[in-house]
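Read the structure below first, then the notes.
Residue numbering restarts at 1 for every chain, and letters A, B, ... go by the order of the sequence lines.
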Number of protein chains: 2
Amino acid sequence: MLTERQLFILQAIIDGYIQSAEPVGSRSISKRQDVNYSPATIRNDMADLEEMGYLEKPHSSSGRIPSEKGYRHYVDHLLLPHRLSSKEIENMKSLFAKDFLQVEEVVKQSATILSELTSYASIVLGPEIFESKLKQVQIIPLNNQTAVAILVTNTGHVENQTVSLPDTLDGSDLEKITNILNDKLKNVPLYQVQKKMEEEVGALLKRHIKSYKDAMFFTEETLQKSSQEKVFYGGKTNLLFQPEFRDIEKVRTIFTLLEEDDTVQELLKPEHDGLTIRIGQENDNVAFENCTIISAAYSFNGRPVGTVGIVGPTRMEYPRVIGIIDHLSKGLSNALTNLYKKGS
Amino acid sequence: MLTERQLFILQAIIDGYIQSAEPVGSRSISKRQDVNYSPATIRNDMADLEEMGYLEKPHSSSGRIPSEKGYRHYVDHLLLPHRLSSKEIENMKSLFAKDFLQVEEVVKQSATILSELTSYASIVLGPEIFESKLKQVQIIPLNNQTAVAILVTNTGHVENQTVSLPDTLDGSDLEKITNILNDKLKNVPLYQVQKKMEEEVGALLKRHIKSYKDAMFFTEETLQKSSQEKVFYGGKTNLLFQPEFRDIEKVRTIFTLLEEDDTVQELLKPEHDGLTIRIGQENDNVAFENCTIISAAYSFNGRPVGTVGIVGPTRMEYPRVIGIIDHLSKGLSNALTNLYKKGS
DNA sequence: TTTAGCACTCGCATTCAAGGAGTGCTAACA
DNA sequence: TGTTAGCACTCCTTGAATGCGAGTGCTAAA
């Protein structure tokens, strides 16, 4: 069990190291105004803390730096809740204050703001539109061979797709198709659209349209939506200013991996409600063993639909970042939910 | 005037330096199979070339590297046209072979392919939709307070915008507005929409709709489009693998500037038809004095609507990159134009 | 005009010593 | 028993000295 003083010293070392990126020595702690112990005393406790695995030494005669276990303990037990500065609050408020939320726009902006406020790299996933409901389908012919298909969901999301127009379909056919689709698919959640298509729409098309096969093929194309989650980045460049990434090799591997959507999804996956904090090896990826990734889900009508996250060095300003990301994810959820809560 | 041999040596040095990133010495050139001169002879020519400003020495006893003037001469006079490899051609072909071009999607993909093929960073601007014509306007209410406005252009571009719905407008009002807009604005180029609105639509709204002011405000919001050019990036990480960017300071300033849209626009602005190549200081930006930027406009129906570009070190594989970017910009223009050439 | 030869330059890696920050340990102190 | 002063020790950092090697410039000969 750790004594009060050991906890204090652990905290002092972590705070100091986060601030300076330099190993912290006993003397510097002893000199603090609020400390009345001699360096020797502090050294003893530091030795104990090291023995217990909370601290490390880069080499035998240097000051101490926190180990991952040290950070973990700091995050779990020592963290003082951080008051956001008014500038930070203002910044986020302005994001949600817009009158006309374009969902994707807000989500994208979140990434930018997040990286600006934290000075680390931000990643935002989503929003997942899988469960939102189809509101309307439009097919607009551009010329004899091409048309644009537009899907609108109840969350205001617009998905559009250029499709090739078979010769066999004329204007009245298109109108029929559009009517059938709107009739049968309105208010159907996107994940059910495929099924509904096969069950009900196919038969109707067969009955009403001569070149049934073309129509069917065309309709399927029309409804094919990009179901993959979108990934937005902000401030990757910030990482280059962190002293732990002075080594270009590390930056390379990290940047390369951050371009792979799968990896990013994996890294950000939240483990539970609220914040997920993965420190160093907890990320399960050698390239990120010097990184901490903090993520939080945001939701729409109580269902999680995406994730916001921050990537930075393990020597991260935990209190501040945690405050910001917590505030932002909640604000995002509220904004989305409030705006469309009356949506049918 | 340069002798044949001097030209040959200049070319050999540039080729060698592009390949190895190391200063090239007289001995290594002399040892080439196709060279029958002694190192001393070559040294004499090298000294002349240096005097004329085509070469530089990092320090007094090293091999030579090309100066900017050297690169410029190489690009203008020595460059052998490069045959694209079949892999490169295949790669680009597959990009344009898609049946259903989603313009923005293709443009975005171009950035990715460009960076993959060249191993440098790619930037793609546009496509500018300023001159394309409005095809259809749709207003789809989501709930009592919100609606989605959708604009479709003759190029298949879809612009959508969430707008707040004034209480005073009911469903039939929306329908009227939509009809008026489609009636008056169909086939109007986007850059004229604003003017047309003021001249014709305002009066009509006034005549037909009770709460005219709300309607007017609502309509203006609806048509407000994001006129800014989009910027797509590809493979910025590639730059980290170039030896000239081993110094993290340089990378930082470059990456920071590449996040500023204005700067990027400035850097990529093509000077004339065909390729624009800016070497080092020609970029007029200290941060890019070690960079070469090659850009080319792509067009739609003969009008330039965007730019594709590559950012790399001045020590760039000019022949290959020039071949690729030339092919790609032309391919992109063709693809866009062919697809919609029948568009009204 | 070209080439061989040679002295010279400069960067780079290695070595070594001095300096300093910080530790661990021991013994004394409260 | 917990705390502190003192001191030897470790190891990193810095800077100067050194040798090596790649490459040059110049001169004189072919």
Inset, instruction - Name the nucleic acid region contacted by B:T41, choosing base, sugar-phosphate or nothing; use a 4.0 angstrom heavy-atom cut-off, strictly under. - result: base
Legend entry - OP1 or OP2 of D:dG2 under 4.0 Å from side-chain N/O of A:R5: no
Inset, instruction - Could you tell me the separation between the CZ atom of B:R27 and the C1' atom of D:dT24, rounded to a whole number of Å? - result: 13 Å
Inset, instruction - Pick base, sugar-phosphate or nothing for A:N36, based on heavy-atom distances below 4.0 Å to the nucleic acid. - result: sugar-phosphate
Legend entry - B:Q6 CD - C:dT2 P separation (whole Å): 10 Å
Legend entry - Nucleotide D:dT24, atom P - distance to CG of B:D48 in whole Å: 14 Å
Inset, instruction - Report the distance from atom CD1 of B:I42 to atom P of C:dA4, rounded to the nearest whole Å. - result: 12 Å
Inset, instruction - Output yes when at least one side-chain N/O atom of A:S26 is less than 4.0 Å from OP1 or OP2 of C:dT23, else no. - result: yes
Legend entry - Contact under 4.0 Å: B:R43 side-chain N or O vs C:dT2 OP1/OP2: no
Legend entry - Minimum-distance nucleotide (side-chain atoms of A:S38 versus D:dA5, D:dC11, C:dT3): D:dA5
Inset, instruction - Decide yes or no, distance alone: a donor-acceptor N/O pair under 3.5 angstrom between the base of D:dT10 and the side-chain of A:S60. - result: no
Inset, instruction - Please state whether the phosphate of C:dT23, meaning OP1 or OP2, lies under 4.0 angstrom from any side-chain nitrogen or oxygen of A:R64. - result: yes
Inset, instruction - Whole angstrom is fine here: how far is it from NZ in B:K57 over to C1' in D:dG25? - result: 8 Å
Inset, instruction - May I ask you to decide if B:K57's main-chain N or O and B:R64's side chain share a donor-acceptor pair within less than 3.5 Å? - result: no
